[in-house]
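A short worksheet on the structure shown next.
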2 protein chains.
Amino acid sequence: MKLSPTMQKYIVHWGEMGTRWGVNRTVAQIHALLFLANQPMNAEDIVETLNVARSNVSNSLKELQSWGLVKVQHVLGDRRDHFVALQDVWEIFRVITEERKKRELDPTLTVLRECAIEAENDTEIEAATRQKMDEVLVFLEMLLSGYDDFKHLPPSVVMKLLKMGGKLGQLVAIFGKDDDMAAK
Amino acid sequence: MKLSPTMQKYIVHWGEMGTRWGVNRTVAQIHALLFLANQPMNAEDIVETLNVARSNVSNSLKELQSWGLVKVQHVLGDRRDHFVALQDVWEIFRVITEERKKRELDPTLTVLRECAIEAENDTEIEAATRQKMDEVLVFLEMLLSGYDDFKHLPPSVVMKLLKMGGKLGQLVAIFGKDDDMAAK
DNA sequence: CCTTTGTTTCTGTCTTTACAGAAATTAAAT
DNA sequence: ATTTAATTTCTGTAAAGACAGAAACAAAGG
């Protein structure tokens with residue numbers, strides 16, 4: 001597939017960002033390519049377009065499929081697997097967020113809970129230190145349970161909430177003023 | 001400084017997670033150590049506690065200071081710099097979020113805007129492709145402006161919003177039903 | 001002004017990760 | 001069943017990043 005200059009720039013950048021997001025460059029590039037492509041591509045197409053090794057494409061596609069960002073699609077009269085990327089931006093965002101949460105937050109939550117238990121029998125630990133670990137744990141639990149609530153909302157609703165943004169905050173600040181102070 | 005078993009576990013884990021968060025292990029470990037420590041530590045203390053090279057500590061501290069997660073504190077009668085970590089969990093979260101946004105989202109926004117402009121003169125690009133790039137751009141702009149609104153709210157308010165979570169979404173879903181449909 | 005102590009920068013090594021190319025496996029078609 | 005085409009796994013190499021130790025630098029105290 002021939003890449004227009006703009007597509008090329010987009011794909012290269014997406015690859016660079018990928019490395020910062022914990023995905024390798026090729027995976028991110030392939031994802032960008034398939035997202036922008038207007039027809040299903042087979043592995044060989046991708047190899048030629050991005051100039052990467054066949055094996056690399058194969059592994060990257062497997063990873064993208066495991067994330068649910070790419071799906072196989074068969075083209076009539078062609079034995080080869082063809083691939084298409086999830087096209088809905090909201091859905092892509094949701095998938096990536098969920099995946100990162102799994103890798104970056106959930107393990108921490110697990111360890112923190114273990115620490116909380118072990119701290120009970122840890123004679124050397126200072127009370128203030130234990131207290132701090134606990135604060136982090138409580139914070140994370142609140143954050144993640146909040147996230148769980150929001151992630152099931154339809155995009156249109158989340159969008160509204162985002163657009164209300166600061167306004168909403170002010171509203172809550174006013175209505176909740178009393179127990180806000182109490183909490184403090 | 002002597003580490004209790006629990007502290008050790010916490011610090012080691014924080015270091016491991018750091019690597020997944022785009023921070024190097026030592027930086028993350030030092031941050032965890034200073035966060036848990038109940039008194040200011042000098043560089044040499046850190047070297048001994050974590051068994052890392054002096055230079056490594058120096059560079060890591062510099063990075064943590066540049067993020068605003070660690071501050072210098074002088075101890076009476078001691079020439080050496082001592083270091084303390086920001087103790088407020090909310091504040092820590094805010095700093096990290098902001099930093100990651102800077103590294104992971106802002107550059108993408110820039111490139112996307114450039115792409116949008118360049119796509120005007122890109123004769124090879126298909127309309128559908130340009131359209132998709134645009135969708136991503138619009139999405140990101142909305143997300144970031146929403147984030148900007150929220151980040152100025154006091155923790156207590158954000159906490160309330162999080163706790164309201166799904167309830168809040170339902171409320172918005174009901175009240176906004178009409179133009180919700182219209183937006184579709 | 002020199003010595004001592006603390007801090008930063010530099011250099012080379014080691015570890016990790018990404019990747020290409022080859023070999024092996026699987027699956028479809030004749 | 002055999003051949004052909006497609007895909008995956010394996011292995012070695014290359015690149016990137018993290019880190020230790022040494023050397024250079026800076027600053028405070030005598």
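Protein chains get the first letters and strands the later ones, always in sequence-line order, with residue 1 at the start of each.
Distance CZ (Arg20(A)) to P (dT17(C)): 19 Å, rounded to an integer number of Å. For the pair Arg54(A) CZ and dT8(D) P, the interatomic distance rounds to 7 Å; values are reported in whole Å. At whole-Å resolution of the value, CG in Asn56(B) and P in dC14(C) are 17 Å apart. Residue Asp78(B) contributes atom CG, which lies 14 Å from atom C1' of dT7(C) at whole-angstrom precision. Atom CD of Glu16(B) is separated from atom P of dA18(D) by 14 Å (rounded to the nearest Å). Distance CG (Leu61(A)) to C1' (dT7(D)): 11 Å, rounded to an integer number of Å. The distance between atom CZ of Arg25(A) and atom P of dA15(D), rounded to the nearest whole Å, is 12 Å. Atom CD1 of Ile30(A) and atom P of dT7(D) are 13 Å apart (whole Å).
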- Query: How far apart are the C-alpha atoms of Lys2(A) and Glu124(B), what are their side-chain angles, what is the distance that settles it, and do they pass the salt bridge (charged side-chain N to carboxylate O under 4.0 Å, His left out) test?
  - Reply: CA-CA 9 Å; Lys2(A) 181 77 172 46; Glu124(B) 302 168 51; 3.1 Å; yes
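Among His31(A), Arg25(A), Lys9(A), the one residue that satisfies the side-chain contact (heavy atoms from CB on, under 4.5 Å) test with Trp14(A) is His31(A).
Closest contact between the side chain of Arg79(B) and the listed nucleotides dT5(C), dA20(C), dA29(C) involves dT5(C). Of all nucleotides listed (dG21(D), dA20(C), dC19(D)), dG21(D) comes nearest to the side chain of Ser55(B). Candidate nucleotides dG21(C), dT7(C), dA6(D) were compared by shortest atom distance to the side chain of Arg80(A), and dA6(D) ranks first. Distances were taken from every side-chain heavy atom of Ser58(B) (C-beta onward) to each of dC19(C), dT7(C), dC10(D); the shortest belongs to dT7(C). Closest contact between the side chain of Val52(A) and the listed nucleotides dA20(C), dT9(C), dT7(D) involves dA20(C).
Residue Asn51(B) is in sugar-phosphate contact alone, with no base atom involved, counting any heavy-atom pair closer than 4.0 Å across all strands shown. Nucleic acid contact for Asn59(B): base, since at least one base atom lies under 4.0 Å from a heavy atom of the residue.
Going from atom CG of Asn24(A) over to atom CD of Gln29(A) covers 9.0 Å, rounded to the nearest 0.5 Å.
By the 4.0 Å N-to-carboxylate-O rule, Arg113(B) lies close enough to Glu141(B) to be salt-bridged with it.
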